[in-house]
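Taking it in order: structure first as C-alpha cells, then the write-up.
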Amino acid sequence: MRRSSTTLLFAFFLSLLLLQRPIYASKKSYVVYLGDHIHGARESPSEVEGEEEESYNKRVTESHYDLLSSVLGDNKEAQDAIFYSYTNYINGFAAMLEEDTANAIAKYPGVVSVFPNRGHKLHTTRSWKFMGLERDGAGAVAGDSLWTRARFGEDTIIANLDTGVWPESESFKDEGLGPIPSKWKGICQNDFDKSFSCNRKLIGARYFNKGYAAFVGGLNSTFDTPRDTDGHGTHTLSTAGGSFVPGANVFGYGNGTAKGGSPRARVVAYKVCWPPVNGSECFDADILAAFDAAIHDGVGVISVSLGGNPDSFFDDGLAIGSFHAVRKGITVSCSAGNSGPMPGSVSNTAPWIFTVGASTMDREFPAYAIFGDKKLKGQSLSPTRLAKNKLYPMVSSKDAKAANQSENDAELCFLGSLDPKKVKDKIVVCLRGINARVEKGEAVLEAGGAGMVLANDVTTGNEIIADAHVLPATHITYSDGKVLFSYLQSTQSPHGYITKAITELNTKPAPFMAAFSSQGPNTVNPEILKPDITAPGVSVIAAYTRASSPTGLAFDHRRVSFNSDSGTSMSCPHISGVVGLLKTLYPRWSPAAIKSAIMTSARTRDNKEEPMLNSSFVRATPFSYGSGHVRPNRAMDPGLVYDLTTSDYLNFLCALGYKADQLALFTTGTAPYKCPAKPIRLEDFNYPSITVPNLSGSITVSRTVKNVGPPGTYTVRVRPPKAIQIAVRPKSLKFDSVGEEKKFQVTLKVENRAAASDYVFGVLVWSDGKRYVRSPLVVKVARRKP
Ligand SMILES: *[C@@H]1O[C@H](CO)[C@@H](O)[C@H](O)[C@H]1NC(C)=O
Ligand SMILES: *[C@@H]1O[C@H](CO)[C@@H](O)[C@H](O)[C@H]1NC(C)=O
Ligand SMILES: *[C@@H]1O[C@H](CO)[C@@H](O)[C@H](O)[C@H]1NC(C)=O
Ligand SMILES: *[C@@H]1O[C@H](CO)[C@@H](O)[C@H](O)[C@H]1NC(C)=O
Ligand SMILES: *[C@@H]1O[C@H](CO)[C@@H](O)[C@H](O)[C@H]1NC(C)=O
Ligand SMILES: *[C@@H]1O[C@H](CO)[C@@H](O)[C@H](O)[C@H]1NC(C)=O
C-alpha cells in the first residue's frame, strides 16, 4: 500500500513534534514557596472563619493554579504542571517548570522563593562515603525517673520523615496501649502494599514520592507504599518511640531489651526517602508535603535524619517545613550530618531546628586481632568465627591486588580488586575509607579470604565500629593499624587470628565524639552554634526491615529483626525520644523551651569525669558536641529556659537580610509580620548558647531567661574563653514565680588578641545550687585589618 501524501505530511509534523521533545525535557521540578496561609497563626485550617477544611484547601489549590497560569497563560497547563499543592500550613506548590518560568514566578509579589526540587541524603554511615564511630542504642537513653514521670512519653505522637517503616516489627506492637489519641487526624496508607497496616502504636503512615518521581521520570505502583525496604526508617523510628522488646540482639550481640526514648509514645512514619539515584534519595517537594501533612495530622515531635548541604533557609525544604512545624509548637530534631570531622560541615543549621551530633556510648563489641606477641582490641558483630586452635596467614590487601587493579583500590578492598590466589584462606588487612566497611568484607570473602582486619586511616583515628560483617572480621584503630601493618612488613610469614566478638559494657572513655559527626562552625549564620547537642550514634541497635540485609549488600542474604547502625541519623531520634518525654511532661512548653532544657542540662564530661574527647582522643569542642551530651533526667528540671517565639525567628530572618516583603508573607497573631525598624543583632538572639564570630574590641550581648522551676536565686559563674574577658550583669537573678523572665547582659572583651587567633571556647553557668543552666561561649576575635 502506498502512503498518501497526507500521511507523509502527518509524519513530517510528527517529526517536528519529536524534535521539540528536548524542550519539554528541559522542564525540571521546582518548589514555589508562598509563606503562610492566612490561618498560619491559628489553631487549625478548619478554624478559618468556619470554612470547611476541604473547601478551603480547594480554594488554595485554585489560587496556585491561577498564579502559575498567569505566567504560563493557560490554566490547564498550570494544572498539569503542579504535582503538589501545599494547603494545610505551608503555602506553596511543586511543579514541573522551564527555568524561565521559574525565574519569572520568583519575581512575583507574594512569592517567598522558588528553588529546584533537590535531593537530600539520609544521614547514615552505611554508605560508600566513610564516616565514623558506632554505639549500641538499647540502653542509651537511661533515666528511669524521667521515663516514669513522663509516663514513657505516652501522650506524645512522634513523626519520622525517613524511608518508611516495617510495620510488623515487634518494636511497633501495641500491647497495653489505650485508644488512639483524639488529636490524631492522620491516615494509614497502604495503596500498593495491602499487607501494610497500622495499630495503636504505629498509628499512621504515609508516603510522598511525587518529588522523587519528577526526578527519576516516573514510578510504577510498587512505590505506592510507606513500607520500609531499606531499614533506616524502621531503625530511627524505633529509636525515638519503639516499644519495649525483650531479648533483642544482632546475631546474639548486645542482647537486652530494646526500646525507644519514648517507649509508650504513638509513632507515625512519613516515607519521603527512596532508593538513591545519583546520590539523592529524599526530595524537597516530598519533604515539604510530609511536613504539611504531619502538622495537620497532630504530631508533637518530628524526627528527621536526613539533610543536604548547608543552605539558605528559604531554598531548603527542610528549613521551611520545620519552620512551619515549630511555629505550631512541634519540636523538630534533625541530624547534623555525617561529613565530619571537617570544620563547617554541619547541616540543618536553622535556629528553630534541634541539630544533633553523634557520639559513642559505653558499650563495645570487642573482637581481638592476634599476631606476633600482640593482641589488639577491635570491634565487630560478625556472627561467624575462624576455626579454633589455628593461626591463619595474613596479608595486606595492597599486596594482594589483582593483576589488572590499582594498588589504591586493593588497599581499600574494592570489590574485585583482590587476587584470589593471594588471599585464599588468609586474613586480609584492609584500609578504611571510600567504600562501605561491610563491602570490604564482601570483597575479601568473594576472593576466598578467611577473615578481615579493617584498619582506620588517620582521619577516623579511634572511631571503630561494630558491623555485622559477612565473614569473621574486626575493626581496629589507626594506631593499632600502624602496629599491624609494620608487623606485616617486617615478618617473613605473618600469621594471626581474629577472636569472635563479645558484648562488653561500661567501657571507658564514653561518650567520645564520632569522627563522622559533622562539625561547626555554622557556615550559614555563624552567630548560632551548631550542632546543638550530641547523643549516641555509634553501633546503635534498633529495629530493622526484613526486606534487606543487615549490611545492605545485595550479596548478603541474611535477615535480622534488629540491626546495629551508625550515624547522626541514629543520634537524632535519641533526642526526638527525649523530646517526646518532655512534651508529655510539659505539654505547654514551646519547642525552644524544650530544646533549651535539653541543651543547658547537657554534660561535657565523659564517664572518666574528663572533658569529652574527639575520636583522636584529643579534647573535643562545642563545634562537635554543641552544648554537650544529652542528660534526660536533668532536662526535666532545667530551672531556667531560653525561650523563643515565632516573632523572634522572623526578627532573626529580618536581621539576616531576608527581604521585608518576603517576610510579610508570614503572619504573627492575625496581622502580616513586619520587620522591626531597627533589626535585632544576631548575637542577641535568645539562643541557649552564645557565639560571637567576629569580636573586635568588645561586645555586650543580652539574653532573657524564664523560670520554669521553683522560686529561687540564681548566680552566675563563667569559665572565660582563652584570652577573652567576660563580665555578666547582673550577677544574680531572683525569681519569685514560674514563668517570670529576667534579662542579663554578657560583655565579652578581647584581652589578648595574639592568644585568641582562632575560635576559643568557654562556658557560662547560672545555678541556684541545685540546677546548673550551662551555655557554651564561642568566640572568634576579628582579624586585624592588613
Ligand atoms: C544521573 O547521573 C548520570 C551521569 O551523570 C546522568 O546521565 C543521569 O541523567 C542522572 N540521572 C538523573 C535521574 O538525573
Ligand atoms: C517497578 O519499578 C522498579 C524500579 O524501577 C522495578 O525494579 C520493578 O521491577 C517494577 N515492578 C513492576 C511490577 O513493574
Ligand atoms: C537474651 O536475653 C534473654 C533474657 O535474659 C534470654 O532469655 C535469651 O536467651 C538471650 N538471647 C541470647 C541470644 O543471648
Ligand atoms: C580484571 O580481570 C578480571 C579477571 O580476569 C576481570 O573479570 C575484570 O573484569 C578485569 N577488570 C578490569 C578493570 O579490567
Ligand atoms: C581532634 O581534635 C584535634 C585538635 O583540635 C584535631 O587536630 C583532630 O583532627 C581532631 N580529630 C577528629 C577526628 O576530629
Ligand atoms: C569582622 O570585623 C571587622 C572589624 O570590625 C570587619 O572589618 C570585618 O568585615 C568583619 N568580618 C566579618 C566576616 O563580618
Side-chain angles (χ1 to χ4, degrees), residues 136-139 163-164 170-171 191-195 207 209-210 212-225 227-230 244-259 271 273-278 280-281 310 343-344 363 365 381-385 466 468 500-505 520-528 541-544 547-548 550 554 558-564 655-657 679 681-685 691-701 724 748-750 753 756-760 778-786:
D136 165 16
T163 60
E170 276 206 87
S171 291
D191 298 3
F192 156 72
D193 190 355
K194 296 289 185 228
S195 70
Y207 63 88
N209 60 23
K210 292 180 192 169
Y212 176 67
F215 184 75
V216 301
L219 299 172
N220 63 33
S221 65
T222 64
F223 288 85
D224 294 342
T225 173
R227 184 174 286 279
D228 176 18
T229 52
D230 176 279
F244 291 97
V245 184
N249 60 72
V250 186
F251 300 122
Y253 296 114
N255 189 33
T257 300
K259 62 258 172 187
K271 181 169 169 71
C273 299
W274 304 91
V277 173
N278 288 357
S280 288
E281 41 202 337
R363 179 177 68 190
F365 301 98
L381 290 174
S382 298
T384 50
R385 67 187 319 152
K500 190 170 187 299
I502 56 163
T503 304
E504 193 175 291
L505 302 176
N522 177 344
T523 55
V524 180
N525 46 288
E527 297 79 7
I528 304 294
I541 293 177
Y544 215 62
S548 168
R558 300 172 298 177
R559 293 294 179 265
V560 291
S561 295
F562 287 85
N563 196 17
S564 169
L656 270 187
R681 218 174 34 178
L682 293 173
E683 286 85 352
D684 291 332
F685 184 68
T691 304
V692 179
N694 192 29
L695 176 63
S696 60
S698 78
I699 187 175
T700 298
V701 306
I724 307 290
L748 304 95
K749 186 164 167 237
V750 182
R753 182 186 288 272
S757 58
D758 200 353
Y759 273 102
V760 284
V778 178
V779 182
K780 188 170 181 192
V781 172
R783 285 242 292 262
R784 206 190 281 282
K785 288 207 192 76

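Just so you know, ligand 1 is whichever comes first in the structure, and atom 1 is the first atom listed for that ligand.
Of the protein's non-hydrogen atoms, N255 ND2, 4.8 Å is the one closest to atom 9 (O) of ligand 3. Looking from atom 14 (O) of ligand 2 to the surrounding protein, the closest heavy atom is N220 ND2, 3.0 Å. Given atom 13 (C) of ligand 2, the protein heavy atom at minimum distance is T222 CG2, 4.0 Å.
Of the N and O atoms on the side chains of S280 and N278, not one donor lies less than 3.5 Å from an acceptor on the other residue.
Counting protein heavy atoms under 4.0 angstrom from atom 7 (O) of ligand 3 gives zero. There is a protein heavy atom less than 4.0 angstrom from atom 1 (C) of ligand 3. Inside a 4.0 Å radius of atom 11 (N) of ligand 3 there is at least one protein heavy atom.
If you number the atoms of ligand 6 from 1 as listed, the ones under 4.0 Å from a heavy atom of A782 come out as 2 (O). Interface atoms of ligand 3 facing N249, defined by a heavy-atom separation under 4.0 Å, are 13 (C).
Counting all heavy atoms, side chain and backbone alike, A258 lies closest to F562 at CB-CE2, 3.6 Å. Nearest heavy-atom pair, G254 versus T503, reported as atom, atom and distance to 0.1 Å: N-OG1, 3.0 Å. F223 and N209 get closest at one heavy-atom pair: O-ND2, 3.1 Å.
Side chain of R558 to backbone of A468: a donor-acceptor contact under 3.5 angstrom is found.
Rounding to the nearest 0.5 angstrom, the gap separating the CG atom in N249 from the OG atom in S564 is 12.0 Å.
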